[in-house]
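Reading through the structure tokens given below for one structure.
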Amino acid sequence: MDQQALSDVLFALVAAREHMMPGLNRTSLQRLLFLTAAVYPLTGDNWGYGFSTARFGPFNILVNQAADQLVLRGLCEFKEFGVNTDGNIRAVYRVTEIGVAQVQQITKIHSQQRRFEWIKTVTAALDIYGSSVISKIASKEPSYAEMRARNQVGGIALAKSDNRSIALIGRLAADLKKRFNVDTESVMEKLLLYFDFLSSGLLENR
Amino acid sequence: MVIGGNGVGKTTFVNAILFALLGNAEYDVQNPAGKTERVPVVPSDFFKGRVIPEDENDAKVTLSFSIGRNQIEIARALFRPKILLLKINGKSFSGTRDKEELYRRQLSKLMKFDDFEHFTFVAANLLVFDEARHTLIWDPERQNRVIRLLFLTEFHGELSSLSERVTTLDTTSRHKSETRKDIRRNITRWVDSQKDAPGLSASAKRLAVDLAQLEQGLEDTETEISSIESNIEEETEHLQQLLADADQLEVEKLLGAKELQRTEAKFYAGIYDALPPEFLVVLQTLMNQGLCQVCGASHEKLKELGKKLKHEGKCLVCRSPLNYSVEAKPESIGDKLAADINRLREHLDNLEHKQRASVDAQAVANFQVSSLQQKLSKLLKRKKSDDVRAGELRIQVQKLAGNDGSEEAWLRKQKEEIDKLTREIDELNKKRATVLESLKRVNYEFTNRLAKVNDNLTPLFSQFASKFLGVECELVVGTMSRSRKPISYMYPRFGGKDRNDISEVSESQRFFIDQAFRMALITLFSKLNRGTTTFFVVETPEGSLDLAYERNVAEMYLDFAKRGHAIIVTSNLNSSNFLQGLYSHLGTARTKQTRTLDLLEHGRLSDVQGSDHMLAEFNKRRRQLGITSVR
Amino acid sequence: MRSLPPEERIILTRIGNEPRYWIRRYFSELQSAHHDTFFDLLDRFKALWEESRLTRIDLCFVLRLDSVGSTTPPHTITDLIGLQREQQAAQYRAVFEVDLQGKIIGSIDIGSEIEPVAVRQLSQIEEAAVFWLGPEFEIFCKGFPWTPKHKSEVLREIKSKKRRSVLSMTDYMAVLNTHFEQHVRDEARMKYWFKRNELLQPSPEELFQQSLWSFIDSEVETLEVSREPMFKDASRCDIKVIAENLDLYFIEVKWIGKSAVRKRDKDTVVGTPPHKFTVARAIDGAYQTKLYIEKNNSTEYDNRIRLGIYLVYDAYDPPQTPIAYGSEIDGFVLLKPVEFSLLSVAPSRATKGIAQAKGLVRKSARGRTHRRTSGN
């Protein structure tokens, strides 16, 4: 599944480019893919690889390494690059034309095409809120937030069966219908409702 | 090509050939009630009314054919069971008394059939697709038998005899049950008469009524028990089949997953495993100029280092093994791999879907079995207590009736008879179970071998059937239960779906899939037997065709014929694409002519068919096909 | 389906009251289509209102869901000045017709100066959604007014596509200034005066700390913001921020001036005698903080402190800031004192120097301005 993280990062960079988002850094890639994975069961499938709670948010080591690997293979490039005083590399990535061409090749696999479409959909939804709020939203993702609140470490449960995001979306949609008679049918609507909820200022004062 | 119109004798012609070949030969089939009956290939009175009465005496059919290098000529009287002429390799058998017997023996020998009936069965069920439109591919029993006779002869005897033994044991046990039922009825009748006997007290009468009811109840319980037992057996069988299928699915899934993994690895290697270009630049400069582009060091010796690393296939940075010869694959390979991955994923999804369905079905079957078992144990308990109670009642009733003892003896005898029968039935059932177990075991081996036959058969089937369907299709081996006996057979699968029931294919598909199956069987048989060729008869195929399929079917027949087999097709002289398509491949006008039997030229036409208008129309159609009238 | 727990219910109520959900109740055609466009339109209305209310030229729009009309200038709802000029020319009687894309496709003269009651009727007659951009932002759907509870908060919740950018901690002064401008000054989002310009509420440090913490948490790109976190040596600071690039900032929040006092019974607050914090104490605090940075910045700790911010809110009138901390603090690069005066000022004072600030006048050699704009 190593390639999947590579492909996902590549997909995310293409999606970001399509939404004219500035490049993504490692952290925002983690956040974006984490959110994408958290709501993936809306499609009826499971994401495949998982994320775990790390000190500064959901984290997957493969995703973390992917962007640099892609740079070395010419599929994406550094938009910004710097080394922090403490030696950490600070980089912003964007996809190259070769990378875009490879995405076309990869998406000839139907399952990859579906995945790519999904990443684009979630990116489009998040774009409405502005790309920079992604990390704020990611940190409020219910499975992750719950674990943080309890100071738990380890894998974040995102599988269909025990995915809190999906459960939350279900509750919200049902209640919105019941109390406001507003239907939330399309996936996009569900995502917007969910992101509306997570980005709500009220949550912060909880 | 046998061309005609309605009622001019197409079927008669075909049957005349079969009659010449087989005479009044019959074969065994099981009717829907499970009873064996004899079926003739050509009914004895078939020709009645098809020949004008004054010709009946002279009417005969002569057929010349060859088996390998042996020439056979046979002539039969149509209205008498008599062989008029029999010549084998030029030798006439005019003096032999029982020519039929001789003919059958010789034919069986030449064709390496143990029994003439076997040949009869194959000829009637495989080689002829007649107007009855009976399909072989969706008739597990006939199909199973044909395959046994053609490919897996070593199983034929054992499977047949085991199957027969199961049936016999079943029948015997059923008969004994009937007898037991009769005895119980007799007891009930006797008790009935007792309760009307004068001088019997009210309480005795009541007891008698109770006993009568109890006897009847016992009989019902017995019936119910045996029916539940057979249900349990069926369900258990079904469950075992499901479990076996589930195992098979698991294996398929594992294999599929492995293949997917391999294919994905190849696909992604083309995308992510290419060496970074910068890396290659550094290596190249190191080798050629002795310059390290990373740190700027420059030395002659560095050239050696570069060459060594490349030669040894080691990474410049960490010295781990590295394949420098990995080259970018052309996009077309990637496309093919992507298509393979899609196909494999779909396959795996399909398998998973099936697995889920199988798990559900297992749960249902398990539930059925356990609830049936509960029911059974309740019934057995009831039977036991009823038996005891009935015994007590019998004694009491006798006492109250004040009988002399002879009646008591009679009753005891009846009771003993019942017990004996029950023991025998149990014994028979046990025996049946054992034989069935053997049958299953043999059938299991048979199924494995059938799967091997199928490996060879499927490509042939696909070749014929896809000509017609336009999509790839395959044969799948399955096992079903008929009269509680396992039977393995093959059925088609296309469009990602098993078509094990005739209702899963359209009306116009089913007959041609069946013909493709038969042609595949014949072709495989021919392959396995040094290129033997045979014949295949199809009656009026165009009748059940969609316009869209007509040409495809013509191609399927041509493909079959090109393999050297004789194919006899009867058809009405019409303007169908089917005829056009077929005739466009039949060669020169002369060949077309010689390959056509135009019954409209020879047969008895109806008034309408004989009208000037129709005759002109027929001629027009003949011209279209390229067969001009000889008249 | 399990029903929502109370806190989720509160948020959902607020979301459900957002115009984009509320309006959809009346226009089923908006239920599943156009979500993105519609969302964007509302956002632009809200932005337009925020600008237009300052000039007090009321604007009103009726939404046409089905029309594809010719566009007359001004073309879109983003052209505030064009729209206002046209409204003036129409003697304040125009209602603009707008399509989902925000294009102006026509205007209606309603015969008298527009006001909420009239436009509400318009929405009823036309069975349309009408947006009223006056002193208040109002919406009417088929005659029904949009009256959510907590309207101002709901309005604030309307997301601004692209416009809502998150601040970066690297530009920490922008963070502190924005927070002060939008959340503190003139009691923008909290009541901190017990007695205006004289006496702060009791325990003001808590107020200021909470406000800054939640601002950074929601508006600044960070990996982590914590209140009163414990350092390795078991000491605590007020706010610790770990920026995206793993730089560590911590902020000490102080105030000087006088505050009211909550009595022991917790219910009564009294102004006399007040608590008093002097400049001297602020200076003491700065030295203490310096010590603290030095202790926690040694190599055995994982994150290096990028900067300590010593934030002082000055409640004195006249202000006692800037404070002279002395060379030891001034020369210590890891500690940056930042000061804000809490005094509410008259508008004339507030606009003093605005021309220069906006670059409209040149500065003289002696640093004085040539021309001054006067307050209104």
Side-chain angles (χ1 to χ4, degrees), chain A residues 1-14 43-49 61-78 81 83 91 93 95-118 159-161, chain B residues 256-284 293-294 315-318 320 322-324 326-353 356 359 496:
Chain A
M1 283 312 275
D2 294 18
Q3 310 109 351
Q4 194 57 63
L6 283 167
S7 298
D8 289 342
V9 168
L10 195 55
F11 292 161
L13 289 170
V14 174
T43 66
D45 277 333
N46 283 325
W47 187 246
Y49 56 83
I61 183 77
L62 295 174
V63 172
N64 194 49
Q65 296 162 344
D68 291 329
Q69 282 190 52
L70 293 173
V71 170
L72 280 172
R73 260 104 200 143
L75 306 185
C76 73
E77 62 192 7
F78 293 120
F81 182 84
V83 183
Y93 304 86
V95 70
T96 61
E97 290 309 318
I98 303 173
V100 174
Q102 289 296 18
V103 166
Q104 279 171 5
Q105 181 67 13
I106 297 168
T107 50
K108 282 176 184 160
I109 297 176
H110 302 323
S111 56
Q112 295 299 315
Q113 173 65 26
R114 284 196 295 276
R115 225 172 150 96
F116 180 43
E117 288 302 329
W118 182 251
K160 270 184 268 185
S161 43
Chain B
K258 241 184 198 163
E259 200 185 337
L260 178 67
Q261 210 176 10
R262 273 199 299 272
T263 320
E264 281 189 335
K266 264 194 232 163
F267 177 81
Y268 285 111
I271 290 172
Y272 295 126
D273 286 359
L275 286 173
E278 294 84 349
F279 185 96
L280 292 173
V281 169
V282 172
L283 178 71
Q284 211 66 23
Q293 297 268 35
V294 179
C315 171
L316 279 184
V317 181
C318 68
S320 302
L322 189 63
N323 188 3
Y324 281 105
V326 175
E327 276 171 35
K329 293 195 178 73
E331 199 171 298
S332 59
I333 293 180
D335 285 359
K336 200 197 153 284
L337 289 171
D340 285 348
I341 291 170
N342 287 336
R343 185 178 50 74
L344 283 166
R345 280 203 179 273
E346 200 179 314
H347 176 61
L348 285 174
D349 284 352
N350 238 327
L351 290 175
E352 251 164 50
H353 184 77
R356 278 196 295 274
V359 169

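Note on naming: letters A, B, ... go to the chains in the order of the sequence lines (proteins, then strands), and numbering restarts at 1 for each one.
One distance of note links CD of A/Gln102 with OH of B/Tyr268; it measures 11.0 Å at 0.5 Å rounding.
Smallest separation of non-hydrogen atoms from A/Ile106 and B/Tyr272: CD1-OH, 3.3 Å.
Only the side chain of A/Gln112 comes within contact range of chain B, with heavy atoms under 4.5 Å apart. The contact between A/Leu75 and chain B is made entirely by side chain atoms (from C-beta outward), counting heavy-atom distances below 4.5 Å. Looking at B/Phe267, the atoms closer than 4.5 Å to chain A (heavy atoms on both sides) all sit in the side chain, from C-beta outward. Looking at A/Ser7, both its backbone and its side chain come within 4.5 Å of chain B, counting heavy atoms on both sides.
More than 12 heavy atoms of other shown residues, nucleotides or ligands fall within 6.0 angstrom of atom CD in B/Gln293. In this structure, B/Glu346 places its CD atom where only 12 or fewer heavy-atom neighbours from other residues, nucleotides or ligands lie under 6.0 Å away.
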Please list, one pair per line, the donor and acceptor atoms closer than 3.5 Å that link side chains of residues 336-345 of chain B to other protein atoms, with sequence neighbours excluded.
residue: B/Lys336; atom: NZ; partner: B/Asp340; partner atom: OD2; Å: 2.9
residue: B/Asn342; atom: OD1; partner: A/His110; partner atom: N; Å: 2.6
residue: B/Asn342; atom: ND2; partner: A/Lys108; partner atom: O; Å: 2.9
residue: B/Asn342; atom: ND2; partner: A/His110; partner atom: NE2; Å: 3.2
residue: B/Asn342; atom: ND2; partner: B/Ala338; partner atom: O; Å: 3.4
residue: B/Arg345; atom: NE; partner: A/Ser111; partner atom: OG; Å: 3.1
residue: B/Arg345; atom: NH2; partner: B/Glu264; partner atom: OE2; Å: 2.7

